[in-house]
Structures are given as C-alpha cells and as structure tokens.
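The structure under discussion appears below in the form of structure tokens.
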Amino acid sequence: MSSPGNLVIFDLDGTLTARDTFIPFLLSFYKRRPAPLMRILLLGVPILQFALKRIDNATLKQKFLSAFTKGASRTQIDQHARLFVKHLMATGLRPAALSTLQTHIQNGDLVVLLSASFDFYVPYIAQQLKIHETICTQAEWRDDCLTGRLASPNCHGQRKVELLAALQQRHQGRKVIAYADNISDIPLLLLADDGFLISHSSRAIAKARQLGLSILHW
C-alpha cells in the first residue's frame, strides 16, 4: 500500500502572493463604496496603539475591517471579492510559489491554505489555485451585512500553530511541509516536519537560521 501524500501548508500574504492582500482589498473596495471619511481618519489611533504594543494584531485588523466595510452587504462584498481575486491571479502571485504549489498538487499532496486574511475572499483564491482546503479568519455578518467584527479567532501567530496541530491529528501519517513568510509564522514552521521561511526580512531570516529552519527566496 502506498503512503499518503504530504500535508502541505501554505500561508497566503507574502508567501503565495508578493505582498499583503487585506489592505489592498479594503482600499479597492473603498473606491467602489466609500466609507465615511471620519472612520478612516480615526484609524490613526489604533495604528499608533499597535505600534506601541497596546493592542494586538486581531484588534487592529478588526478596526480596519470595521472602518472600511461595516454595513456593506454580502452582495457588495462578494462582487468585489471576485473582481479582486481575478486581478490578483493575473498580477499578484509569486511565480516560484505557484510552481511549488502546482508540484505539490501534481504529486498528490493534500494542500491547505492557512491564512490570517478573511473568508470573504481567501476561499476564492484557493478555488482558483485548486487548493484542497482553506482555513482563514472569519468575518461576522448580521442581516446579510458585515458588522465589522471577527466571527472567529484571528488566524495569526499562535492560532496558526493550534490549527496546524489539529490538522496533524486529522491527517496522521502524513509528513507536514509548511511555507510561510512572517516572523510570527516561525512557530508554525517549527511544528512542521519541513518548514520553509519565505522572507526578505533580515530579522526573520536571522531567527530562522538560529532555529535551523530552511529559507527560500521566492
């Protein structure tokens, strides 16, 4: 009996894509549906609080989500998400990442997209790339409109480690390979059998080398 394929974890922003997707999504949505200007201007406060480490990544993310999309309908978000992903597929992917992803799929590996970005567009990216499973941050809806709040824990940092541990339990017997770019993803990479840091950050690279992780320059 042949052994099962590998369990392969891909981060999205900065790993499969050349840069972050969340802020570009918000800015491009703002062009289609401008939010009240005061909401946007007030983001300066949480940005400063985050820089001073007074709020965490999840709180900052929620502030941005609320400022740009609170009250937007599911139809408005979905229409924009499809257009945004279409443009991203044409211009925003790392060629080396795409090649690596396609090789894993062709080899029969089980590929999971594990992203801190939101469920109103990340699954469309996975669908276009023929990725088998998507785990990402969920946004809260009420009466078919975004509330601006999170409906799940932020899929970032330690939360990704917990999610990978759950995946390992579900798929015992599979070798785990993980690709991610952020220094916050290093614990995730350490949990995998083979973890690859995709980064140009000297700080992240130095830490990865210290811990014995492999480094790829996509």
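Please read these numbers as outputs of a predicted model, since none were measured by experiment.
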What residue pairs, at least two apart or across chains, pass salt bridge (Lys or Arg N to Asp or Glu O under 4.0 Å) with a residue in residues 41-60?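 Of all non-adjacent pairs touching residues 41-60, none passes salt bridge (Lys or Arg N to Asp or Glu O under 4.0 Å).
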
Which residue pairs pass the salt bridge (Lys or Arg N to Asp or Glu O under 4.0 Å) test with at least one member in residues 4-21, sequence neighbours excluded?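 Non-adjacent pairs meeting salt bridge (Lys or Arg N to Asp or Glu O under 4.0 Å): Asp11-Lys160.
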
Could you give the distance from [atom1] ([X]) to [atom2] ([Y]), rounded to the nearest 0.5 Å?
{"X": "Ser66", "Y": "Leu42", "atom1": "OG", "atom2": "CG", "answer": "10.5 Å"}
{"X": "Gln168", "Y": "Leu191", "atom1": "CD", "atom2": "CG", "answer": "4.0 Å"}
{"X": "Leu83", "Y": "Leu88", "atom1": "CG", "atom2": "CG", "answer": "12.5 Å"}
{"X": "His80", "Y": "Tyr30", "atom1": "NE2", "atom2": "OH", "answer": "13.5 Å"}
{"X": "Phe196", "Y": "Asp185", "atom1": "CZ", "atom2": "CG", "answer": "15.0 Å"}
{"X": "Ile198", "Y": "Asn182", "atom1": "CD1", "atom2": "CG", "answer": "12.5 Å"}

Given side chains that start at C-beta, do those of [X] and [Y] come closer than 4.5 Å, heavy atoms only?
{"X": "Pro46", "Y": "Thr59", "result": "no"}
{"X": "Gln102", "Y": "Lys130", "result": "no"}
{"X": "Leu129", "Y": "Phe10", "result": "no"}
{"X": "Lys61", "Y": "Thr137", "result": "yes"}
{"X": "Asp78", "Y": "Phe120", "result": "no"}
{"X": "Leu43", "Y": "Phe68", "result": "yes"}
{"X": "Val112", "Y": "Thr134", "result": "no"}
{"X": "Asn154", "Y": "Asn57", "result": "yes"}

If two hydrophobic side chains count as joined below 4.5 Å and joins carry through other members, does [X] share a cluster with [Y]?
{"X": "Leu164", "Y": "Leu113", "answer": "no"}
{"X": "Leu12", "Y": "Ile105", "answer": "yes"}
{"X": "Phe84", "Y": "Ile23", "answer": "yes"}
{"X": "Leu65", "Y": "Met38", "answer": "no"}
{"X": "Tyr124", "Y": "Phe29", "answer": "yes"}

Least distance between heavy atoms, [X] atom then [Y] atom:
{"X": "Thr147", "Y": "Arg142", "value": "CG2-CB, 3.7 Å"}
{"X": "Leu188", "Y": "Val161", "value": "N-CG2, 3.6 Å"}
{"X": "Ser152", "Y": "Gln138", "value": "OG-N, 2.9 Å"}
{"X": "Val122", "Y": "Ser115", "value": "CG2-OG, 4.0 Å"}
{"X": "Cys136", "Y": "Pro123", "value": "SG-CD, 4.4 Å"}
{"X": "Tyr179", "Y": "His104", "value": "OH-NE2, 2.8 Å"}

Lys63 atom NZ, neighbour heavy-atom count above 12 within 6.0 Å: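 No, not enclosed.
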
Within a 6.0 Å radius of atom CG on Asn107, are there more than 12 heavy atoms belonging to other residues, nucleotides or ligands?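 Result for CG/Asn107: enclosed.
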
Consider side chain to side chain contact (heavy atoms under 4.5 Å, CB included). Of Asp109, Leu110, Val111, Asp194, which one does Asn6 pass it with?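 Only one option passes, and that is Asp109.
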
Any side-chain donor-acceptor pair under 3.5 Å between Thr21 and Tyr121?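 Their side chains do contain a donor-acceptor pair, which is all the 3.5 Å distance test asks for.
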
Judged by modelled atom types alone, do Gln172 and Gln169 share a side-chain donor-acceptor pair under 3.5 Å?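 The answer is yes; a qualifying pair exists.
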
Quick check: His87 with Phe25 (ring centres under 6.0 Å apart)?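 When the ring centroids of Phe25 and His87 are compared, they turn out to be at least 6.0 Å apart.
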
Is the centre of the Phe118 ring less than 6.0 Å from the centre of the Phe22 ring?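 Yes, ring centres under 6.0 Å apart.
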
Report the C-alpha separation of Leu197 and Leu216 in whole Å, then their side-chain angles, then the decisive distance to 0.1 Å, and conclude whether the side chain to side chain contact (heavy atoms under 4.5 Å, CB included) test is met. CA-CA 6 Å; Leu197 180 73; Leu216 298 176; over 6 Å; no

Could you go step by step and tell me if Leu163 and Leu114 meet the side chain to side chain contact (heavy atoms under 4.5 Å, CB included) rule? CA-CA 9 Å; Leu163 291 166; Leu114 184 56; 3.8 Å; yes

Less than 4.0 angstrom from a charged side-chain N to a carboxylate O is my criterion; do Asp193 and Lys175 meet it?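 Looking at Asp193 and Lys175, the cut-off is not met.
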
Looking at Arg170 and Glu133, is any side-chain nitrogen of the basic one under 4.0 Å from a carboxylate oxygen of the acidic one?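 Yes, this pair counts.
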
Quick one: salt bridge (charged side-chain N to carboxylate O under 4.0 Å, His left out) partners of Arg94, sequence neighbours excluded?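 Listed in chain order: nothing, the list is empty.
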
His200 and Ile205: side chain to side chain contact (heavy atoms under 4.5 Å, CB included), yes or no, with the steps? CA-CA 7 Å; His200 298 283; Ile205 289 171; 5.6 Å; no

So Trp141 and Ile77, side chain to side chain contact (heavy atoms under 4.5 Å, CB included) or not? Walk me through it. CA-CA 11 Å; Trp141 299 84; Ile77 292 291; 3.9 Å; yes

Mark yes or no for whether Gln76, through its side chain, and Ser73, through its backbone, hold a donor-acceptor pair below 3.5 Å.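 It does hold such a pair.
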
